[in-house]
Amino acid sequence: MAPQKVRRAPRGAGSRSTRIAMEVRTRFAPSPTGYLHIGGVRTALFNWLLARRHGGQFILRIDDTDTARHVDDALTKIFEGMRWLGLDWDEGPDVGGAHGPYFQSQRTDNHVAAITQLLESGKAYPCETSTTELDELREAAKAAKRPFVFRGPNRDMSGSEALALWKEKQCAVRFKVPQGKTTVLLDAIRGAVEWRTDMLGDFTIARDGGKPLYNLASIVDDIETKITHVVRAEEHLSNTHPQLLIAEGLGAPLPTFAHVPYVAAPGGKKKLSKRNPPPGVMVALEEYEQAGYLPEALVNALARLGWSLDDHTEIMSRQTIIENFSLDRVTSAPAGLDPDKMYWIQDQYMTALPADEKIELMMPFLVRAGLVADPPTPEQKAVVAKIEKACGDRLKLLSDIIRYGAMFLREELVIDPKAMKHLRKPGAEEVLAKLHATFATLEPFDLATIEAAVNDVREETGVGGKINHFLRASTTGETVGPGVFDCIEILGREKVLKNIETAREKIAAEAG
RNA sequence: GCCCCCUUCGUCUAGUGGCCCAGGACAUCUGGUUCUCAGCCAGAAGAUCACCGGUUCGAAUCCGGUAGGGGGUACCA
């Protein structure tokens, strides 16, 4: 009789409301590599959302077992990135908690205790087979086109013998994989996944010298920190088989597992990597911050990458996402990062952001660009407020304030080559002279009066609509920007007159 | 090689046997608004649901196989 294939529960079949009744504890366990990968951040977000959805705890653990160098700096990156995105953790290296320590490297005693328990109960055995011998066996199996399934010679040792031998030799330890059995994982995203234990060799859980290996450490930590839902990247799916066997060997209750697909590079199915990202694609979280993305926008965008609320909702507040998040609506196929859509989502959030908050967030970008003082003077603040208002929807990223603000904030006029092209057109010089004369005495120097005055000059000179181009190019040095009359008003009479003069000199210099 | 996972418009997705000759969004294209840009409004185009076979009155949805992509096969994490 063929085993009934277990299907995923229908979407939304309960977990959205009451399926998970017990306490939920999730974790994010990054390695301190020096940056937060955007795909890893999404995994962190899903864990965080699940915990918040069910009023549970989100734990930050640092999987630092093989990185001794520069951990401090990498740690700072992790903390700062998570905090910036608003993914707060209830237990972790810096805040502590009842199940610490939260550095994997500091849990070695727990791992060794688990190894000892497995040895003692006859679930594992010390193995002295050398790596060179193993390599030969592997090669031989490959040559014979047989799968390589290794079982060590000490496999049938008694628990006490095994323990004694290991204490004496501190050699590698292998898990004694039971034979003829099938392991079934009920993955919250993928449904039932089965493995036959006969396909799995006796994997090592400690290397020669006694150092615990990842598969052992990972599941032991999850068990001991009382993690209820292990939500992690799909590359760990294969690791789950040995981890399940270890948990079973330890007699420990199992967490629920959910394997989320990897994040692919835009337009493809290739995994997004930091090593060779496609041009213009940002992989590290900090790049998004530096580019001027809003944390709320990024949360929304990342949530939509592999998860959906329904068949039409794209823009959702953090609260809405929390209230509706469930693993059964996470896709099982990899999702390519879509920079265009992220940008669009960012646009939606920027548009909705109140002006004063936007200004507050944009100011540091101007400070870093050297366009305002640190701290900005009251005058500069006032100008920036005017710029923001005039720019309106044109500000998509916080950093856009640099692009649009420079023409108002810098002292000297800088004329873009495209703007210069306008100024070289016949009649420009003459019109500018007229405008200069008009502006010099214009009272009051405000939007309505400026506009009316420019209209008069246009009719007087008969240049038509081109006058706006001349005006924009000569006063801002740009061809794009906010409405030209807004620009004039923001610049103020003094600067407008000065800039027009500068522009005329340039024109004359080129002509002469 | 062997094991496991994945496969719906260019992209993110909806879809769990009839409501789907497949819906939404981004991107694209066209028209309108406009001093530029960005917007905004209106519209268009875009998917033989990877492929082949089966079950069924009926399949994107269930079953089998094939192909392609990904992960694992470490005394890495």
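Letters A, B, ... mirror the listed sequences (proteins, then strands); counts begin at 1. These numbers were taken from a predicted model, which means no experiment stands behind them. Scope of the values below: all heavy atoms of this structure, side chains included, with no hydrogens, waters or symmetry mates.
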Under 4.0 Å, heavy atoms only, any strand: does [X] hit a base, just the sugar-phosphate, or nothing?
X         : result
Val193(A) : sugar-phosphate
Glu314(A) : base
Lys396(A) : sugar-phosphate
Asp347(A) : nothing

With both distances under 3.5 angstrom, what nucleotide forms a Watson-Crick or G-U wobble pair with [N]?
N      : value
C29(B) : G43(B)
C51(B) : G65(B)
U34(B) : none
U73(B) : G1(B)
G18(B) : C57(B)

Margin query: Go nucleotide by nucleotide along RNA chain B from the 5' end; which of Gly336(A) and Thr131(A) gets its closest nucleotide reached first?
Written below: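 The answer here is Gly336(A).
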Checklist line | First encountered from the 5' end of RNA chain B, between Tyr262(A) and Ala333(A) | finding: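 The answer here is Ala333(A).
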Using atom [atom1] of each nucleotide, how far apart are [N] and [M] to the nearest Å?
N      : M      : atom1 : answer
A77(B) : U73(B) : P     : 11 Å
C57(B) : G70(B) : P     : 41 Å
C2(B)  : A59(B) : C1'   : 33 Å
C26(B) : A14(B) : C1'   : 15 Å
G65(B) : G18(B) : P     : 26 Å
G54(B) : U61(B) : C1'   : 15 Å
U33(B) : A25(B) : P     : 25 Å
U48(B) : C29(B) : C1'   : 24 Å

Notebook entry, point to check: Is Asp222(A) salt-bridged to Arg61(A), cutoff N-O under 4.0 Å?
Noted result: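 Answer for the salt bridge query: yes.
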Notebook entry, point to check: Is the shortest distance from a Lys or Arg side-chain nitrogen in Lys341(A) or Glu314(A) to a carboxylate oxygen in the other one below 4.0 Å?
Noted result: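 Yes, Lys341(A) and Glu314(A) are salt-bridged.
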Should [X] be listed as having a side-chain N or O under 4.0 Å from OP1 or OP2 of [N]?
X         : N      : result
Arg207(A) : C76(B) : yes
Arg304(A) : A25(B) : no
Lys271(A) : C5(B)  : no
Ser238(A) : G71(B) : no
Arg394(A) : G39(B) : no

Taking the minimum atom-to-atom distance to the side chain of [X], which one of [options] wins?
X         : options                : result
Leu237(A) : C4(B), A77(B), A38(B)  : C4(B)
Trp344(A) : C35(B), C26(B), G69(B) : C26(B)
Leu213(A) : A77(B), C35(B), A27(B) : A77(B)
Val480(A) : C37(B), G23(B), C6(B)  : C37(B)

Next item on the list: State whether a side-chain donor-acceptor pair under 3.5 Å links Ser31(A) with Thr33(A).
Entry: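 Not at all, the side chains of Ser31(A) and Thr33(A) share no donor-acceptor pair under 3.5 Å.
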Margin query: Assess, by modelled atom type and distance only, whether the side chains of Asn47(A) and His229(A) contain a donor and an acceptor separated by less than 3.5 Å.
Written below: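 Asn47(A) vs His229(A): no donor-acceptor pair found between side chains.
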Check: Of the non-hydrogen atoms in Val330(A) and Phe325(A), which two are nearest, and what is the gap between them?
Finding: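 Closest approach of Val330(A) to Phe325(A): CG2-CZ, 4.2 Å.
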Next item on the list: Specify the closest pair of heavy atoms between Ala291(A) and Ser399(A), including all atoms of both residues, with the distance to one decimal.
Entry: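 Closest approach of Ala291(A) to Ser399(A): O-OG, 2.7 Å.
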